[in-house]
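In listed order, ligands and their atoms are each counted from 1. Keep in mind that this is a model prediction, so the values were computed, not measured. Just so you know, these numbers use all the heavy atoms, side chains as well, and skip hydrogens, waters and symmetry mates.
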Amino acid sequence: MTTEKKLYIKTYGCQMNVYDSERISDALAPEGYSVTTDENQADLVLLNTCHIREKAAEKIYSELGRMKQLKLKKPELKFGVAGCVAQAEGQEIINRQPMVDLVVGSQAYHRLPEMMKNVDDGGKPVEIDFPTEDKFDHIKRSKARRKLPSAFLTVQEGCDKFCAFCVVPYTRGAEVSRPAQKIIDEAKHLVDLGVVEINLLGQNVNAYHGQGADGEWTLARLIRELAKIDDLKRIRFTTSHPNDMDDDLIAAHGDTEKLMPYLHLPVQAGSNKILKAMNRRHTAEGYLKLIDRIRAARQDITLSGDFIVGFPGETEKDFQDTLDLCEQVRYGQAYSFKYSTRPGTPAAELDQVEEAEKADRLRRLQTMLTGHQMDFQLSMVGKVLPVLLEKPARDPGQLVGKSEYLHAVHMDAKPELVGKIVQAKVTRTERNSLGAKIVNIS
Ligand code: SAH
Ligand code: SF4
Ligand code: F3S
């Protein structure tokens with residue numbers, strides 16, 4: 001018999017970590033762990049970490065420092081570090097913070113039950129290998145009913161592109177696609193649990209090339225197959241690389257109704273000189289042509305992107321090229337960052353742009369991006385949109401859901417409407433969300 005224990009997981013970084021945290025809790029469920037949202041109740045605290053920018057890793061050490069208080073109150077409490085910082089730093093984490101009992105890299109979650117036994121015997125296991133087996137094969141999905149009607153599903157992991165600034169190829173390893181049937185089975189299982197929207201995940205999701213019944217499948221083929229699941233209403237995917245947008249995937253945006261009109265397609269910069277130095281292997285013109293083709297397939301599609309300002313060698317003129325590109329695309333939403341030096345990546349060796357300059361460029365870029373986002377949100381006011389209601393909102397009596405374009409939309413609605421797609425008229429726009437009124441419950 002296993003004894004009842006509580007697991008508290010704090011998740012940092014990208015959506016793949018959110019998905020992995022769910023699978024970590026699935027992996028530990030047979031060992032008697034159930035998830036708590038209260039760190040004071042925990043018998044095991046796991047930090048599922050991100051290594052993408054310098055501050056991300058430093059946050060982990062300060063969080064561990066703060067959590068020492070919990071250990072003082074409950075000496076038998078165990079601490080683990082998972083995810084991309086774990087993968088990158090391994091044993092070093094325990095050397096720097098001896099309170100940590102285990103370190104598990106992003107590809108070794110199926111080993112957690114065994115590692116916990118080791119911890120209970122007084123060990124301090126560190127697992128950061130890239131095993132050849134599929135980490136998800138050995139983890140059974142918990143049967144618990146899902147709380148949210150929208151779920152992530154990892155279909156591809158890792159990256160072989162080696163952009164000069166990025167740690168992902170080192171923390172997630174080489175690109176691997178999961179077999180199509182396993183994904184379809186998992187999607188059906190999620191739908192049986194009440195999920196109506198699936199967001200397919202991968203660091204380069206559109207490079208998907210998993211084994212299907214008749215050879216390798218592309219992402220478009222996988223999406224068309226998933227669209228056949230009756231009670232699955234919405235399909236999304238993220239994150240895509242411009243060089244992997246094939247014709248069929250572009251066409252799918254025009255002909256597959258369940259595929260949502262929102263595409264996250266990071267370009268990083270608008271200057272060809274900088275794109276080359278970043279090893280992105282595409283030009284600004286090539287990217288803009290691609291956007292034209294995507295918009296020709298689905299005229300109302302919303303584009304979203306990622307930007308890095310202050311990459312080594314970026315001049316004011318290069319930065320202007322980024323602003324010009326944004327002005328042309330007019331993203332519905334975007335993420336932008338100051339370049340952060342990552343030891344071990346090629347760009348770390350180059351001459352760096354001054355911090356004040358980076359901060360100034362980021363401010364200018366964000367002013368433009370926010371303006372475009374606001375214009376787009378404002379254009380929604382007065383329109384009736386289908387909204388998938390996801391959960392209670394902060395205001396009592398309200399639920400919050402997502403438009404097809406991925407806006408958060410708030411409205412007065414009864415709790416039993418969670419999981420339903422309603423028609424709602426947009427009445428106002430806030431900084432990062434819309435307000436609406438239900439006009440029809442289908
Ligand atoms: N695979 C995705 C994104 C991975 S990381 C892609 O290829 O687009 C998410 C985002 O973090 C990146 O798109 C990039 O904009 C940002 N990022 C990655 N490394 C960074 C660094 N060293 N400094 C600042 N931002 C970085
Ligand atoms: Fe990082 Fe580039 Fe790979 Fe994206 S494509 S994960 S930015 S190396
Ligand atoms: Fe961060 Fe790892 Fe995701 S570095 S962005 S958690 S792949």
Check: Are any N, O or S atoms from Cys14 nearer to atom 2 (Fe) of ligand 3 than 2.8 Å?
Finding: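 Given the 2.8 Å cut-off, Cys14 does not count as a ligand of atom 2 (Fe) of ligand 3.
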
List the steps, then state whether side-chain hydrogen bond (donor to acceptor under 3.5 Å, both in side chains) holds for Thr36 with Gln41.
CA-CA 7 Å; Thr36 175; Gln41 302 287 321; 5.8 Å; no

Assess, by modelled atom type and distance only, whether the side chains of Gln107 and Glu157 contain a donor and an acceptor separated by less than 3.5 Å.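 A pair is found: one side chain offers a donor N or O, the other an acceptor, under 3.5 Å apart.
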
What do we get for [X] next to ligand 2 when only non-hydrogen atoms under 4.0 Å count, side chain, backbone, both or neither?
X      : result
Phe162 : backbone
Asn204 : side chain
Pro169 : side chain

Under 4.0 Å from a heavy atom of [X]: which atoms of ligand 1 are those, numbered in the order shown and with their elements?
X      : answer
Asp306 : 9 (C), 10 (C), 12 (C), 13 (O), 15 (O)
Lys338 : 23 (N), 24 (C)
Pro266 : 8 (O)

Using only atom types and a distance under 3.5 Å, with no angle test, would you say the side chain of Thr256 pairs donor to acceptor with the backbone of His253?
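No; judged by distance alone, with no hydrogens or angles, the pair does not exist.
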
Has Cys166 got an N/O/S atom less than 2.8 Å from atom 3 (Fe) of ligand 2?
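It does not: Cys166 brings no N, O or S atom closer than 2.8 Å to atom 3 (Fe) of ligand 2.
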
Hey, is ligand 1 close enough to [X] that some N/O pair sits below 3.5 Å?
X      : result
Arg53  : yes
Ser340 : yes
Tyr339 : no

Answer yes or no: does atom NZ of Lys188 have more than 12 heavy-atom neighbours from other residues, nucleotides or ligands under 6.0 Å?
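Result for NZ/Lys188: open.
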
- What do you think, any protein heavy atom under 4.0 angstrom from atom 4 (C) of ligand 1?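 So far as the 4.0 Å threshold goes, atom 4 (C) of ligand 1 is out of reach of every protein heavy atom.
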
